[in-house]
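Below: the structure, in structure tokens.
Everything numeric here is computed off the predicted structure, so don't read it as measured data. Residue numbers count from 1 along this sequence.
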Amino acid sequence: MVQKYQSPVRVYKYPFELIMAAYERRFPNCPLIPMFVNSVIISECHSEDGASQVIERRCTMDVEAPRLLKRIAGVEYMYFIQKNSLNRRERTLHIEAYNESFSSRVNVYEHCCYMVHPENEDWTCFEQSASMDIKSFFGFESTAEKIAMKQYATSIKKVCVYCLLPSWYSAGVPAGPFLCRVDPLHLESLRVGGQSVGRHPLVTRCVSIPKDQHVLRFLCSRDFNLEKAKEALCQTLTWRKQHQIDFLLDTWQCPQLLQDYYTGGWHHHDKDGRPLYILRLGQMDTKGLVRVLGEENLLRHVLSINEEGLRHCEENTKIFGKPISCWTCLVDLEGLNMRHLWRPGIKALLRMIELVGANYPETLGRLLILRAPRVFPVLWTLVSPFIDENTRKKFLIYAGNDYQGPGGLVDYINRDFIPDFLGGDALCDVPEGGLVPKSLYRTAEELESEEVKLWNETIYKSASVLKGAPHEVLIEITEVSSVITWDFDVCKGDVIFNIYHSRRAPQPVKRDVLSAHNLACPAGNNVQLIDRSWMLGQDYSMVETALTCREGESVQGSHVTRWPGFYILQWRLYSSPSCTSSSRPRVDDVLASLQVSSHKCRVIYKIRGHSNLQPDLSRGQEQVP
């Protein structure tokens with residue numbers, strides 16, 4: 001019996017050239033498509049003018065099927081022959097595939113097509129059809145048939161996810177566990193119609209993008225909802241840059257008290273190759289640590305542990321030769337008592353859970369909770385509502401010595417790596433903890449004055465840019481030839497950056513004035529200085545050419561002042577001009593207009609002069625002596 005499958009036509013609001021550039025990155029393999037194990041080119045031919053090409057590949061697929069069925073068939077992978085015919089002139093890609101494995105028993109044929117949308121040349125359509133004729137399959141014809149149909153339906157949902165990931169940029173940070181450097185010239189090659197990025201004489205643009213595995217984690221955490229994943233990842237990128245998280249492992253010096261009394265540490269790996277983190281929470285004096293070090297220092301230490309986890313995942317990926325993007329955490333609760341339910345300690349724990357959940361999604365592969373005492377249900381009742389439902393499903397809880405029996409630790413950790421304090425043979429370097437001496441306790445006032453204000457004191461400031469409500473920063477210059485420098489990231493939307501000069505001191509626009517003009521009041525981090533009654537050329541003048549900055553770009557630049565007075569740095573919303581048939585926009589123009597709200601943008605920035613400057617955020621003003 002021949003089974004047929006026809007997908008609905010899917011429309012992706014991205015140009016054909018961008019889709020093709022991303023599609024090629026799945027070959028010879030792609031960690032984001034686990035079922036696509038490998039591919040080898042069998043034949044390849046190109047036209048003389050390079051407009052068309054035909055490539056034939058032998059592809060190795062890891063088909064999701066019951067292990068029993070794979071054993072009976074005697075194979076681990078399936079092999080398919082794929083023929084790709086690309087016509088750049090007509091802007092089409094036809095993909096034909098048929099099975100090589102079990103071709104005498106099963107005939108599978110698949111046809112996919114990428115083509116330009118008939119009504120919008122900057123959009124791409126995708127269509128897929130397949131047919132399958134199962135003659136005989138070891139008595140599992142019906143099962144194989146269902147599995148194949150399921151595979152087709154699943155592949156259609158995910159086939160373009162990798163291609164359609166937006167470019168979330170960040171800059172000013174080194175390549176590390178979260179970001180990788182990208183050559184801007186490579187991004188330049190994705191322009192449509194040979195158009196290039198405009199350059200500004202005093203501006204440089206740096207590009208770093210999140211690594212593929214981190215983008216995939218955010219997609220998984222949002223059930224592959226592109227908009228929700230994009231919003232979450234943009235917020236994380238802003239948070240990382242605003243608080244210098246990419247430099248944390250290089251700058252964070254763990255206090256000696258934490259080294260002695262914080263009962264957690266990395267310890268080998270589990271059976272899946274995931275890094276293993278052990279936390280002896282029952283032996284930790286959480287109250288003493290908070291009273292001595294403060295909540296901020298503990299939070300920074302927890303963030304450094306997560307950053308270490310990302311690095312360990314990269315290392316284990318190379319060691320075990322397979323993608324590893326999460327770790328296993330083993331929590332020993334022996335010794336847990338009512339002291340651990342101290343209210344400030346619980347508050348600090350909930351804050352850590354919230355921050356880690358928002359910025360490190362899908363990094364916890366499994367959580368093993370051992371020797372849970374009677375007080376544990378009380379703690380679980382307080383904490384569990386703040387833990388994501390998908391994360392809670394990864395929790396395995398053992399009471400008493402249940403972890404030593406079947407279904408316990410030996411199912412997840414090799415016996416050689418089970419710590420000695422849990423009955424294993426492996427020596428564990430995790431500190432044993434104990435009570436922090438009360439003589440070291442500090443008052444709340446002392447902690448507040450000495451804590452590192454990780455969230456409130458940062459060299460970067462954030463601002464919202466709304467339609468009709470630009471954000472402006474004022475700098476007072478008293479000497480000519482002073483230098484104004486800026487460094488900002490466009491986190492959401494597109495903006496136009498301007499620098500103006502005025503001899504008059506502008507005043508922030510009051511919110512009641514905006515209301516009187518029927519304008520929505522912007523967020524508290526939006527400052528407007530240029531009065532609506534001012535006229536360009538009379539009350540103030542433009543001193544630099546306006547610069548259009550795209551979402552994800554990081555811009556650094558400087559200006560040498562010619563006159564004393566007041567300089568206004570302005571970010572205002574960019575509205576793209578309407579598209580015409582004779583003039584096609586750039587790739588990032590289309591992406592920006594289709595993916596982000598047209599009424600709100602967000603930037604983070606720092607502005608400095610030739611000396612150390614501290615902005616007065618109450619007026620959005622900075623002074624240069």
Checklist entry - Are there more than 12 heavy atoms of other residues, nucleotides or ligands under 6.0 Å from atom CD of E90? => result no
Next on the checklist: Counting only heavy atoms not in E24 (residues, nucleotides, ligands), do more than 12 fall under 6.0 Å from its CD?
Outcome noted: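 Enclosed.
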Taking [Y]'s backbone N and O only, do any of them form a donor-acceptor pair with [X]'s side chain (distance below 3.5 Å, no angle check)?
X	Y	result
N99	V108	yes
R10	T124	no
S221	F218	yes
N87	R89	yes
N316	I319	no
S39	R57	no

Find out whether [X] and [Y] are in side-chain contact, i.e. whether some heavy atom of one side chain is under 4.5 Å from a heavy atom of the other.
X	Y	result
L303	I245	yes
C313	P323	no
E314	K318	no
F497	Q570	no
T238	D489	no
Q128	H111	no
W123	V11	yes
Y77	M61	no

Next on the checklist: Consider side chain to side chain donor-acceptor pair (under 3.5 Å). Of R217, K394, Q213, which one does E362 pass it with?
Outcome noted: K394
Looking at every heavy atom in both [X] and [Y], which two are closest together, and how far apart are they?
X	Y	answer
D49	S47	OD1-OG, 2.7 Å
L93	Y23	CD2-CE2, 3.9 Å
L18	Y14	CD2-CD2, 3.9 Å
V465	N526	CA-ND2, 4.2 Å
I496	A546	CG2-CB, 3.9 Å
P275	H312	CG-CB, 3.6 Å

Checklist entry - Between K271 and D411, is there a salt bridge with N-O shorter than 4.0 Å? => result no
Item to check | Evaluation steps, side chain to side chain donor-acceptor pair (under 3.5 Å), between Q82 and Y98 | outcome: CA-CA 7 Å; Q82 183 188 77; Y98 61 89; over 6 Å; no
Roughly how far apart are [X] [atom1] and [Y] [atom2], rounded to 0.5 Å?
X	Y	atom1	atom2	answer
T328	L396	OG1	CG	9.5 Å
F16	R88	CZ	CZ	9.0 Å
H94	E127	NE2	CD	10.0 Å
F36	C59	CZ	SG	4.0 Å
I324	T317	CD1	OG1	5.0 Å
D494	R572	CG	CZ	12.5 Å

Checklist entry - Quick check, are the ring centers of W327 and Y277 under 6.0 angstrom apart? => result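 When the ring centroids of W327 and Y277 are compared, they turn out to be at least 6.0 Å apart.
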Checklist entry - What class does the angle between the rings of Y114 and F126 fall in, given that below 30° is parallel, 30 to 60° is tilted and above 60° is perpendicular? => result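 Correct class here is tilted.
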Checklist entry - Do the rings of W571 and F488 sit parallel, tilted or perpendicular, given the 30° and 60° boundaries? => result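 Taking F488 first and then W571, their aromatic rings stand perpendicular (interplane angle over 60°).
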Next on the checklist: Would R222 and E231 count as a salt bridge (Lys or Arg N to Asp or Glu O under 4.0 Å) here? Give the steps.
Outcome noted: CA-CA 10 Å; R222 300 303 187 274; E231 183 73 21; over 6 Å; no
Next on the checklist: Tell me whether the NZ or CZ atom of R366 lies within the 45° cone about the ring axis of F395 and under 6.0 Å from its centre.
Outcome noted: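 Cation-pi check for R366 and F395: fails.
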Checklist entry - Is there a side-chain contact (heavy atoms from CB on, under 4.5 Å) between N29 and V37 once you walk through the steps? => result CA-CA 6 Å; N29 54 47; V37 179; over 6 Å; no
Next on the checklist: Apply side-chain contact (heavy atoms from CB on, under 4.5 Å) to residues E308 and L249 and explain how you reach the verdict.
Outcome noted: CA-CA 8 Å; E308 290 174 349; L249 292 182; 3.8 Å; yes
Checklist entry - Hey, mind stepping through I42 and I81 against side-chain contact (heavy atoms from CB on, under 4.5 Å) and telling me if it holds? => result CA-CA 9 Å; I42 300 176; I81 303 299; 3.9 Å; yes
Item to check | Chi angles and distances behind the salt bridge (Lys or Arg N to Asp or Glu O under 4.0 Å) call for D223, K228 | outcome: CA-CA 9 Å; D223 295 324; K228 291 182 179 180; over 6 Å; no
Item to check | Worked check of ring pair (Phe, Tyr, Trp, His ring centres under 6.0 Å) between H117 and Y12 | outcome: CA-CA 9 Å; H117 193 284; Y12 299 101; over 10 Å; no
Next on the checklist: One pair to check against side-chain contact (heavy atoms from CB on, under 4.5 Å): W266 and I305. What are the steps and the verdict?
Outcome noted: CA-CA 9 Å; W266 295 100; I305 292 172; 4.0 Å; yes
